[in-house]
Colleague: 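Structure incoming, see below.
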Amino acid sequence: MNLERIPNEEKLSLCRRYYLGGFAFLPFLWLVNVLWFFREAFLKPTYTEQLQIKSYVKKSALGLIVWVAVLTTWITIFQHFRAQWGEVGDYLSFTIPLGTA
Amino acid sequence: SSVEQKIYVVLNETVPCVRLLNATHQIGCQSSISGDTGVLHVLETESDLDWILSSGPHPPYMVIMETAFFNRSVMMRMKNSSRVAGVAVIISKTGLADNFSPHTTCPNQNTGVYSESYGSDLANCNGTVWNPLGNGLSYEDFSFPVFALKDENQTQVLRKCYEDHNQRVNGSAPQYPLCAMQLFSHMHAVTDTVTCMRRTDLQNRFSINPEVLCDPLSDFNVWTSTRPLNNSAKGHAADESVVIAATRLDGRSFFWEQAPAAEGTVSGIVTLLATIQALYPVTQEAPPPRNIFFSFFQGEAFDYIGSSKMVYDMEKNDFVIDMNNVHSMLEIGQVGLLSGRSLWMHSDPVSRQNKSVDTEVSEMMSRIQSAAAGLKLTVDHPSVSQPLPPSSFQRFLRARRIPGLVLADHNTSFTNRYYESMYDDAENLNVTYPPGLTPDEQLVYETDAAKSLAEVATLVARSLYLQAGGEENNLNNITADPKIVAQLLYGFLVQKNNSWFRSLLPPEVTKKGVNSPGPPQFYIGLGPRVHGPAHSVTRFVQYILANLTGTVTNLTESQCQNPSELSTENKDLFSYFWVSGPASVNGTREPFCVRASVRLSKAVSPAFELLEYGSRNYSTWTESRWKSIRARIFLVASRELEMLTLGVGVAVLLLSLLVTYFISSKAELLFSSARETPTTTY
């Protein structure tokens with residue numbers, strides 16, 4: 001959707017919907033929010049709704065960074081220690097690689 | 001695809017080493033999922049070993065190992081090196097050492113009868129080391145594939161490739177392109193049986209596409225008796241006192257499905273079959289008071305799978321007899337390498353501390369001595385404090401202290417120098433035929449080994465008859481036929497596709513041909529799911545027993561499949577087999593129905609029924625599954641050439657992108673036509 005052609009109030013409500021939706025364990029919505037509205041929030045000349053859009057984009061970015069940090073930590077730990085965890089590791093896995101521990 | 005055929009030469013017959021797992025360990029070999037590739041190098045001398053392990057400039061190497069180098073020290077050095085991608089061992093008699101046994105020095109030490117609580121000073125081969133020449137290679141875990149090269153032509157192909165491309169010229173390293181080999185033998189199971197079965201269960205419950213990772217080793221035991229036993233009546237059999245005569249049915253080696261097991265197993269099987277042939281007519285005419293129960297146990301090489309299952313069934317009252325029915329037991333161990341010496345009767349010193357058991361065992365020994373009186377054999381007993389060798393009898397002793405003996409040709413350690421290896425073949429048992437005989441002549445030729453085993457069989461048969469309470473004056477009628485022994489040795493050691501076996505087996509097997517040429521292999525395998533109704537050796541023994549002890553009936557084929565419809569036939573006491581019959585002059589066969597009291601009983605470790613995959617008491621051996629096992633050779637280029645080719649390709653790609661962008665941005669300038677712009681009039 002081309003943001004050029006939508007009135008500013010609709011842009012604000014879209015940004016808000018994506019921001020609120022991300023709280024349902026959907027960090028990709030926050031990612032989309034940041035990438036899509038970045039130019040609108042920071043690079044366009046000022047208009048009334050821009051302040052709120054800017055705050056939503058900043059909060060989405062913050063949430064995104066937290067998610068990335070948590071997931072990266074957990075994935076690293078799991079990939080490294082799964083073999084050593086034996087039974088627990090197997091119960092936590094969806095697919096277990098064949099032929100390696 | 002023809003490009004693939006121009007690059008790769010596929011090796012047809014591959015003999016891999018696979019991964020086996022038990023409760024705590026994994027053994028065998030593993031390759032990467034996309035195969036292991038290495039530059040070929042033939043290991044013939046010590047300098048080759050240095051080249052492979054340290055000085056060669058083209059690691060990793062795929063080692064073609066001459067027979068003399070396949071020993072523990074070399075293989076351990078390969079295992080610890082990162083420069084070895086895999087090993088292909090040449091299996092031949094030239095260069096073979098005087099002895100080679102990849103098995104452990106103390107076979108089945110944790111599942112026998114001797115433990116902390118029973119004869120603790122005899123446990124773990126503290127008393128006698130049974131297999132001192134064992135190097136334990138079969139029980140090591142290798143992270144690279146190890147294949148065997150049995151076919152001389154295939155080895156020639158590899159040598160030619162090596163000599164054409166990889167040979168060192170005047171001590172300098174060979175130049176690329178070099179001949180390389182790729183071995184695929186990726187095993188799915190890891191760690192141990194507990195892990196593997198747990199993951200299989202998880203897959204079956206939660207996965208959309210469940211994959212089984214490993215299978216328990218299983219097959220069937222074969223049993224028969226002189227008086228038929230009611231197969232549908234399980235538990236204690238009333239008024240039956242039974243003497244058990246047992247031997248093992250299986251063997252193993254380092255490689256998968258290769259186990260000629262001549263001295264280790266065939267000597268026992270042939271002796272017991274000849275014993276049954278000698279004993280059966282007399283037990284029908286002048287039956288002794290006790291029943292004699294003959295049993296062939298499968299899977300004994302892997303912690304006594306068959307015998308532990310039979311004892312477990314007996315204790316659970318799930319078998320035709322139970323432990324209360326058992327009077328005594330005589331087991332036939334390795335009896336092939338007698339060569340004029342005496343036969344030894346091994347007994348268990350711990351149970352003999354009990355007076356009554358001791359008297360029974362002594363009486364049994366004296367009966368065997370008296371049976372040997374008229375024969376050329378001498379029988380002796382080893383020192384009283386020596387424990388039993390690894391034998392199925394040990395599993396029976398674990399359940400109850402019954403009197404019993406194990407007959408063997410060795411006093412202390414094994415005389416078999418190639419125990420559980422690929423070299424325990426006909427030659428090891430001195431079964432050789434003079435040149436120029438046709439297969440049918442070889443079938444009936446009585447070698448010295450056949451005559452010796454026939455003597456042993458006569459001894460065992462007469463001893464069993466006496467042990468079962470038979471009369472002494474009937475003993476002279478009990479003699480094993482050397483011709484039958486010769487035929488059995490030929491069938492089990494040289495060629496399983498012979499005229500006698502073909503006449504004993506059912507027509508569908510005979511018509512299909514008994515698969516591959518050569519002797520049968522005695523590895524237990526995975527049983528009915530993989531191999532068909534029963535493993536070929538189990539089936540051979542079953543049908544041979546039906547031939548030796550059964551009676552011919554005139555039932556038709558459909559009646560033979562469903563004998564319960566006839567009132568004269570009893571499916572509880574007998575089994576009915578539809579066999580091919582001998583080939584007549586013009587090649588046709590007339591099949592007929594044989595009735596015999598021969599049965600199969602399942603031989604799978606009780607650990608898998610009890611779901612105790614980490615059991616210390618029962619065998620927990622499983623075999624991993626795999627997708628494909630193959631090998632191929634091809635020429636490889638140096639790493640630098642590969643990187644250069646890749647680099648040039650990437651550069652061409654980037655250049656083309658650049659040129660396209662440039663042309664696209666200057667399109668009007670470049671492609672303005674030479675034609676005049678048409679003057680337009682408006």
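Letters A, B, ... are given to chains in the order of the sequence lines, protein chains preceding strands, and every chain is numbered from 1. Please read these numbers as outputs of a predicted model, since none were measured by experiment.
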Colleague: Taking every non-hydrogen pair under 4.5 Å, which of Pro97(A), Ala83(A), Gly86(A) racks up the most with chain B?
Modeller: Gly86(A)
Colleague: Would you find more than 12 non-hydrogen atoms of other residues, nucleotides or ligands less than 6.0 Å from Glu642(B) atom CD?
Modeller: yes
Colleague: Against Trp30(A), only a single residue in Phe23(A), Tyr18(A), Phe25(A) fulfils ring pair (Phe, Tyr, Trp, His ring centres under 6.0 Å); can you say which?
Modeller: Phe23(A)
Colleague: Can you tell whether the side chains of Lys44(A) and Glu4(A) come within less than 4.0 Å, N to carboxylate O?
Modeller: yes
Colleague: Please determine if Lys11(A) and Glu49(A) form a salt bridge, counting it only when a charged side-chain N lies under 4.0 Å from a carboxylate O.
Modeller: no
Colleague: Quick check on His188(B) against chain A: is it the side chain, the backbone, both or neither that has a heavy atom closer than 4.5 Å?
Modeller: both
Colleague: Report which part of Thr100(A) has an atom under 4.5 Å of a heavy atom belonging to chain B: side chain, backbone, both, or neither.
Modeller: backbone
Colleague: At a 4.5 Å cut-off on heavy atoms, which part of Glu211(B) comes close to chain A: side chain, backbone, both, or neither?
Modeller: side chain
